[in-house]
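Just so it is clear, the structure is predicted and the values come from calculations on it, not from any experiment.
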Amino acid sequence: MIQASNTPELAAGLHAMWAAVAAGWGDNADEVDQRSTDLTERLLDAAAISSGTRVLELACGPGGLGMAAAERVWPDGEVVLSDVAAEMTAIAARRAAERGLANVTTRELDLERIAEPDASYDAVLCREGLMFALEPERAVAEIRRVLRPEGRFALAVWGPRDRNPWLGIVLDAVGAQLGAPVPPPGIPGPFALGDPAQLRELVGAEVDEVSVPLHADSFDVWWSRTTALAGPLSKMLAVQPPDTLDAIRARAREAARAYETEDGLHFPGVSLMASGRGGR
């Protein structure tokens, strides 16, 4: 498995990047949760989330998965929503409060160095976060460490790039225009764990595919939403001159024509889901 060189400077930069795009995630949180409804239910089932369960969500972003867990574990269970970016957990806390979820708390935690005691949770969840870890093996070991022996984890990452054109098209357009691959070599990206065999070896558990299609009413809606959510890409686009941005959009628009319908764009999407028990 190819990994990034995990230096404090690189880790700090990636954490700051997620903080910078938190507002975009907050603005699009409801759409993200709606799109992931089926995946969320399957993750909760795989982690055996039920009344009384103590749950940790890692890389929670705006907290949609953990909030769904909180509704299941009520009234005797609790959920901790965690992320490396305080800006993300602030959004998650606000959304949980708006839903009246009194059994939810938030913490700033790094999924590669989870500052929680051994065997302190019944379940650990992570939806589309593990692939951004600089050291995914360490992250998986940490997940197992904080789980009780009979506890369960359930996680999802994006599948192969070519089966997720809703994002692959944007990355390809940027890379083609700038003459360099996106993300650059050595930097974990959205498809870093997109090989089912690789993920199976990493987590030591079976891997299932889950269809997560995406619909957008128009090209502009898809473009603005996707670029707002794609962390490293969002920052990269923010510093491009207008003519370069126009050229990137034109490339993406042409590639997206294959997914046009009478009611907007319909893209296929595939997540890989894995689950297992705690213990080292």
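For the pair Asp246 and Arg253, the salt-bridge criterion is not met [side-chain N within less than 4.0 Å of a carboxylate O]. Between Arg94 and Glu98 a salt bridge is recorded (basic side-chain N to carboxylate O distance below 4.0 Å). Ionic pairing of Arg95 and Asp30 is present here: one or more N-O contacts between side-chain nitrogen and carboxylate oxygen are shorter than 4.0 angstrom. Checked for salt-bridge contact, Arg257 and Glu254 meet the test: a charged N lies under 4.0 Å from a carboxylate O. A salt bridge links Glu41 with Arg72: the distance from a Lys NZ or Arg NE/NH1/NH2 to an Asp or Glu carboxylate oxygen falls below 4.0 Å. With respect to Arg107 and Glu116, a salt bridge is recorded, a charged nitrogen being found less than 4.0 Å from a carboxylate O. A salt bridge links Arg161 to Asp172: at least one charged side-chain nitrogen sits closer than 4.0 Å to a carboxylate oxygen. The existence of a salt bridge linking Glu150 and Arg277 is confirmed by a sub-4.0 Å separation between a basic side-chain nitrogen and an acidic carboxylate oxygen.
Within a 6.0 Å radius of CD in Glu201, no more than 12 heavy atoms belonging to other residues, nucleotides or ligands are found.
To the nearest 0.5 Å, atoms CG (Leu43) and CG (Leu155) are separated by 7.5 Å. From Leu56, atom CG reaches atom CG of Asp122 across 11.0 Å, with rounding to the nearest 0.5 Å. The CG atom of Leu199 sits 10.5 Å away from the CE atom of Met131 when rounded to the nearest 0.5 Å. One distance of note links OG1 of Thr106 with CD of Glu57; it measures 11.5 Å at 0.5 Å rounding. Here CD of Glu31 is found 12.5 Å from NE2 of His215. Values are rounded to the nearest 0.5 Å. Of the inter-residue distances, the one linking Leu130 atom CG with Leu272 atom CG reads 11.0 Å to the nearest 0.5 angstrom.
The shortest side-chain heavy-atom distance between Arg99 and Glu71 falls under the 4.5 Å cut-off. Using a 4.5 Å heavy-atom cutoff, the side chains of Val182 and Met236 are in contact. Put simply, the side chain of Leu237 reaches to within 4.5 Å of the side chain of Leu245, judged on heavy atoms.
Without hydrogens or angle criteria, Asp110 side chain to Glu112 main chain gives a donor-acceptor distance under 3.5 Å. Using modelled atom types, no side-chain atom of Asp76 and backbone atom of Ser51 make a donor-acceptor pair closer than 3.5 Å. At distances below 3.5 Å, at least one donor-acceptor pair connects side-chain atoms of Arg145 with backbone N or O atoms of Ile114. Without hydrogens or angle criteria, Arg225 side chain to Asn28 main chain gives no donor-acceptor distance under 3.5 Å. Formation of a donor-acceptor pair under 3.5 Å by the Asp83 side chain with backbone atoms of Thr89 is not found in this model. Side chain of Arg144 to backbone of Val203: a donor-acceptor contact under 3.5 angstrom is found. Under a 3.5 Å cut-off, the side chain of Arg54 and the backbone N or O of Tyr121 do not form any donor-acceptor pair. A donor-acceptor contact shorter than 3.5 Å links the side chain of Ser224 to the backbone of Val221. Under a 3.5 Å cut-off, the side chain of Arg251 and the backbone N or O of Val174 do not form any donor-acceptor pair.
When all heavy atoms of Ala115 and Leu109 are compared, the pair lying nearest together is N-CD2, 3.8 Å. Listed here is the closest heavy atom pair of Leu193 and Gln198: CA-OE1, 3.8 Å. The shortest heavy-atom contact between Ala96 and Val104 is CB-CG1, 3.9 Å. Contact detail for Trp25 and Leu229: the closest heavy-atom pair is NE1-O, 3.0 Å.
Using the six-membered ring where Trp is involved, Trp222 and Phe219 have ring planes that are perpendicular, over 60° apart on the 30 and 60° scheme. Ring geometry for Tyr259 against Phe267 counts as tilted: the plane angle lies between 30° and 60°, on a 0 to 90° scale.
The cationic atom of Arg163 (NZ for Lys, CZ for Arg) does not lie both less than 6.0 Å from the six-membered ring centre of Trp158 and within 45° of the ring axis.
Side-chain atoms of Ser218 and Asp220 form no donor-acceptor pair, as typed in the model, at a separation below 3.5 Å. In summary, the side chains of Ser271 and Glu128 do present a donor paired with an acceptor at a separation below 3.5 Å, with no hydrogens or angles considered.
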Next on the checklist: Between Val73 and Ile49, is the side-chain contact (heavy atoms from CB on, under 4.5 Å) condition met? List the steps.
Outcome noted: CA-CA 7 Å; Val73 305; Ile49 304 297; 3.5 Å; yes
